[in-house]
Amino acid sequence: SSAANIYLTSLVGSEEPTEEEWTAEYSKCNEQMTGSKLLRADLVVADVGRLSDWLATKWAPTILRTYDIAGIRVGERPVYASRVDDETVEIVWQQLVDFDSVTVGKMVIRVAEDGIVASRAAGDASKGYGSVKVGELQGETILVKSLGDAAAQAIEKGLAKKVKRAKPKKAKQETPVVAPTTSVVTSGATLPQEQAAAAVEKPSLESGPRSAGARRSARRTRGKRRKEEDAAASTTPSEDSTPESWQ
């Protein structure tokens with residue numbers, strides 16, 4: 001049995017796929033390996049004709065002109081894309097046989113309301129290419145990767161929307177309720193006498209720095225005028241020193 005390659009494409013969004021979604025995607029890959037399906041992109045397409053027209057006229061011509069595709073010189077290669085109907089776009093592989101271009105295979109891209117599906121199809125039956133090729137066509141891997149990127153670009157351009165996944169419900173974690181603590185004493189509670197006396201401190205006149213042994217600072221003289229006033233007060237006799245006060 002031949003090995004098959006699986007390619008992952010990142011779409012716009014920050015939600016990680018769940019294990020169930022990964023399992024479903026791998027199941028789709030197994031189905032595609034047994035048939036001719038190449039890619040499936042789950043999208044929400046409101047206007048199918050508009051998206052298929054963009055793939056046929058914008059995306060396909062651009063990727064076919066790249067060096068990786070246009071540089072194929074030997075064997076078959078994708079040559080052009082055509083829009084079959086409103087829902088189908090075909091990319092045609094041709095090969096030069098006896099100086100005649102023969103269609104040897106196709107990639108059929110079907111656009112629906114639920115997404116894009118690309119598959120490998122047969123070529124010209126009258127030239128002996130009426131069956132689907134078992135192996136991949138030249139440049140087919142490049143087109144499949146680019147088509148996956150085109151699905152992401154379609155979301156950015158507003159041609160489609162991303163499928164909304166149902167988020168699994170998480171069990172709510174109940175946080176234990178802790179009673180608030182407070183130091184406020186209710187009006188109905190009573191305290192012992194010692195604690196009540198310590199809690200309520202009565203103001204006292206004896207409190208202050210003087211009661212703690214501090215002394216009043218001495219009067220300090222400032223400036224020449226203060227010095228002269230102090231000298232005059234010391235030389236002037238008081239009223240008690242008069243002769244009348246001696247009697």
Side-chain angles (χ1 to χ4, degrees), residues 4-64 66 69 78-93 103-125 129-134 136-137 139-168:
N5 297 325
I6 298 176
Y7 302 98
L8 299 178
T9 302
S10 299
L11 298 179
V12 178
S14 59
E15 299 179 0
E16 297 181 357
T18 61
E19 294 183 1
E20 291 78 7
E21 293 174 353
W22 279 118
T23 304
E25 292 297 329
Y26 282 124
S27 300
K28 294 178 183 178
C29 291
N30 292 331
E31 295 176 358
Q32 293 177 7
M33 285 189 295
T34 57
S36 60
K37 291 184 179 179
L38 301 174
L39 178 138
R40 177 180 178 85
D42 294 330
L43 301 170
V44 178
V45 183
D47 192 345
V48 175
R50 184 184 175 193
L51 179 56
S52 61
D53 182 71
W54 177 77
L55 290 173
T57 59
K58 300 296 182 180
W59 168 75
T62 302
I63 189 62
L64 292 177
T66 59
I69 299 299
V79 178
Y80 65 91
S82 62
R83 185 179 178 184
V84 180
D85 52 36
D86 291 342
E87 301 178 355
T88 308
V89 177
E90 287 184 351
I91 299 178
V92 179
W93 268 258
T103 301
V104 299
K106 298 178 182 179
M107 177 189 290
V108 180
I109 304 172
R110 300 187 184 277
V111 181
E113 294 180 355
D114 58 351
I116 301 172
V117 177
S119 57
R120 187 186 303 125
D124 189 357
Y129 296 94
S131 60
V132 180
K133 187 177 180 180
V134 177
E136 66 179 28
L137 299 168
E140 186 179 77
T141 301
I142 299 172
L143 291 179
V144 170
K145 290 182 179 180
S146 179
L147 184 58
D149 296 336
Q153 293 178 10
I155 297 175
E156 296 177 355
K157 294 180 179 296
L159 300 173
K161 295 181 180 179
K162 186 179 179 181
V163 178
K164 294 183 179 180
R165 305 291 184 181
K167 296 182 180 179

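Nearest heavy atoms, A60 versus A81: CB-CB, 3.5 Å. What you find for V79 and L64 is that their closest heavy atoms are O-CD1, 3.8 Å. Nearest heavy atom pair, residue A151 against residue A41, reads CB-CB, 3.9 Å. Scanning all heavy atoms of the two residues, the minimum distance from T66 to T62 falls at CG2-O, 3.5 Å.
Atom CG of residue L137 and atom CG of residue L38 lie 8.5 Å apart, to the nearest 0.5 angstrom. Rounding to the nearest 0.5 Å gives a distance of 12.0 Å between CD1 of I91 and NZ of K106. Rounded to the nearest 0.5 Å, atoms CG (D53) and CG (D86) are 9.5 Å apart. The CG atom of L39 sits 8.5 Å away from atom CE of M107, with the distance rounded to the nearest 0.5 Å. For the atom pair E136 CD and I142 CD1, the distance stands at 9.5 Å (nearest 0.5 Å). To the nearest 0.5 angstrom, E140 atom CD is 8.5 Å from K133 atom NZ.
Among the candidates V48, V44, L43, the single residue satisfying the side-chain contact (heavy atoms from CB on, under 4.5 Å) test with E113 is V48.
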*Under the side-chain contact (heavy atoms from CB on, under 4.5 Å) rule, what do V89 and V111 come out as? Steps first, then yes or no, please.*
CA-CA 8 Å; V89 177; V111 181; 5.5 Å; no
- prompt: When you look at I116 and L55, which way does the side-chain contact (heavy atoms from CB on, under 4.5 Å) test go after all the steps?
  reply: CA-CA 11 Å; I116 301 172; L55 290 173; 4.3 Å; yes
**Q.** Step-by-step side-chain contact (heavy atoms from CB on, under 4.5 Å) determination, R120 to W93
**A.** CA-CA 11 Å; R120 187 186 303 125; W93 268 258; over 6 Å; no
task = Please assess L147 against W59 for the test side-chain contact (heavy atoms from CB on, under 4.5 Å), listing each intermediate value before the final yes or no.
result = CA-CA 8 Å; L147 184 58; W59 168 75; 3.9 Å; yes
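Listed by chain and number, the residues in a side chain to side chain contact (heavy atoms under 4.5 Å, CB included) with D114 are R40, A112 (sequence neighbours excluded).
Side-chain polar atoms of R83 and S52 form a donor-acceptor pair below 3.5 angstrom. Side chains of D85 and T88: a donor-acceptor N/O pair is present below 3.5 angstrom, by distance only.
Using a cutoff of 4.0 Å between basic side-chain nitrogens and carboxylate oxygens, R110 and E87 are not scored as salt-bridged.
Residues I63 and L143 form a side-chain contact, since some pair of their non-hydrogen atoms from C-beta on lies under 4.5 Å apart.
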